[in-house]
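Everything on this sheet refers to the single structure shown next.
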Amino acid sequence: MFVAPINTESLLAEAQAATLYLNLVEQINKDFNLANEGIDFPLSISPDELKIQLHEKIYRMIQYKFAEYLNLLYIIDVSEIEIKKLDGSDLVILSEQVSFLILKREWQKVWFRKNFR
């Protein structure tokens, strides 16, 4: 049964433990490219660097490319209910929380694909 991780660090650790970290990076790259937001994380990227770069990308999108940001959330299929629960008063915190929701959804896709194929 899929149990959603409670934070980014546990999610990335779980992905590495299940040897699905590379699949997670590939899924992120794929969905960002589907949204025409070219991002190309190398498969050799460390979990810490992935977290930082994803956070920076989301922060910039919220600030400068809001329509594209909304499109990205739609393509990745991030829960609208979860997004609406977030406090948008601090963009840095908001982008970090959205980055976690993106990672969580992408991890869910990878985990289900591995366990139910």
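Computed from a prediction, not measured in an experiment: that's the story for all the values here.
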Say whether [X] and [Y] are linked into one hydrophobic cluster, either directly or through other cluster members, by side-chain heavy-atom distances under 4.5 angstrom.
X     : Y     : value
Val92 : Met61 : yes
Ile93 : Leu11 : no
Ile83 : Ile6  : no
Ile45 : Tyr59 : yes
Tyr64 : Leu91 : no

request  = Evaluate side chain to side chain contact (heavy atoms under 4.5 Å, CB included) for Leu34 paired with Leu72, printing each intermediate quantity in order.
outcome  = CA-CA 8 Å; Leu34 280 174; Leu72 175 70; over 6 Å; no

query = Above 12 or not: heavy atoms from other molecules or residues under 6.0 Å from CD1 of Ile81?
reply =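 Atom CD1 in Ile81 is not packed in, count stays at 12 or less.
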
Can you sort out the partners of [X] under side chain to side chain donor-acceptor pair (under 3.5 Å), two or more places apart, ordered by chain and number?
X     : value
Ser79 : none
Ser89 : Asp87
Glu68 : none
Asp40 : none

inquiry  = Before you tell me yes or no, could you show the steps for Phe116 and Trp111 under side chain to side chain contact (heavy atoms under 4.5 Å, CB included), namely the whole-Å CA-CA distance, both residues' side-chain angles and the distance that decides it to 0.1 Å?
reply    = CA-CA 8 Å; Phe116 293 102; Trp111 188 90; 3.7 Å; yes

ask   = Would a distance-only check, ignoring hydrogens and angles, find a side-chain to backbone donor-acceptor pair under 3.5 Å from Tyr21 to Ala13?
value =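 No; judged by distance alone, with no hydrogens or angles, the pair does not exist.
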
inquiry  = So does Ile76 get a backbone contact from the side chain of Lys109, meaning a donor-acceptor N/O pair under 3.5 Å?
reply    =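 It does hold such a pair.
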
ask   = Could you go step by step and tell me if Ile28 and Leu50 meet the side chain to side chain contact (heavy atoms under 4.5 Å, CB included) rule?
value = CA-CA 10 Å; Ile28 293 167; Leu50 175 67; 4.2 Å; yes

Distance, nearest 0.5 Å, that separates [atom1] of [X] from [atom2] of [Y]:
X     : Y      : atom1 : atom2 : answer
Gln97 : Ile58  : CD    : CD1   : 13.0 Å
Ser46 : Ile52  : OG    : CD1   : 7.0 Å
Glu82 : Lys85  : CD    : NZ    : 4.0 Å
Asn29 : Glu106 : CG    : CD    : 9.5 Å
Leu70 : Lys65  : CG    : NZ    : 13.0 Å
Ser99 : Leu94  : OG    : CG    : 9.0 Å

inquiry  = Testing the basics here: between Phe100 and Pro5, what is the closest heavy-atom pair and its distance to 0.1 Å?
reply    =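 Answer, listing the atom of Phe100 first, then Pro5: CZ-O, 3.3 Å.
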
ask   = Got Leu101 and Leu86 here, is their nearest side-chain heavy-atom distance under 4.5 Å?
value =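 A side-chain contact under 4.5 Å exists here.
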
Pairing residues for [X] by the salt bridge (charged side-chain N to carboxylate O under 4.0 Å, His left out) criterion, not counting sequence neighbours:
X     : value
Lys30 : none
Glu9  : Lys51
Lys57 : Glu37
Asp77 : Arg105

ask   = ring pair (Phe, Tyr, Trp, His ring centres under 6.0 Å): which pairs involve residues 26-57, sequence neighbours left out?
value =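 Output for this query is empty, none listed.
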
message = Listing request: all ring pair (Phe, Tyr, Trp, His ring centres under 6.0 Å) pairs with a residue in residues 69-99, at least two apart in sequence or in separate chains.
response =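 Every ring pair (Phe, Tyr, Trp, His ring centres under 6.0 Å) pair that includes a residue of residues 69-99, provided the two are not neighbours, is Phe66-Tyr69.
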
request  = Check step by step if side chain to side chain contact (heavy atoms under 4.5 Å, CB included) holds for Leu24 and Leu12.
outcome  = CA-CA 9 Å; Leu24 178 62; Leu12 295 171; 4.0 Å; yes

task = Go through the structure and list residues passing side-chain contact (heavy atoms from CB on, under 4.5 Å) with Asn23, not counting sequence neighbours.
result =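 Testing Asn23 for side-chain contact (heavy atoms from CB on, under 4.5 Å), a comparison that skips the adjacent residues, returns Leu20, Val110.
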
task = Scan residues 18-29 for pairs that pass salt bridge (Lys or Arg N to Asp or Glu O under 4.0 Å), counting only residues two or more places apart or in two chains.
result =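 Matches after skipping sequence neighbours: none remain.
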
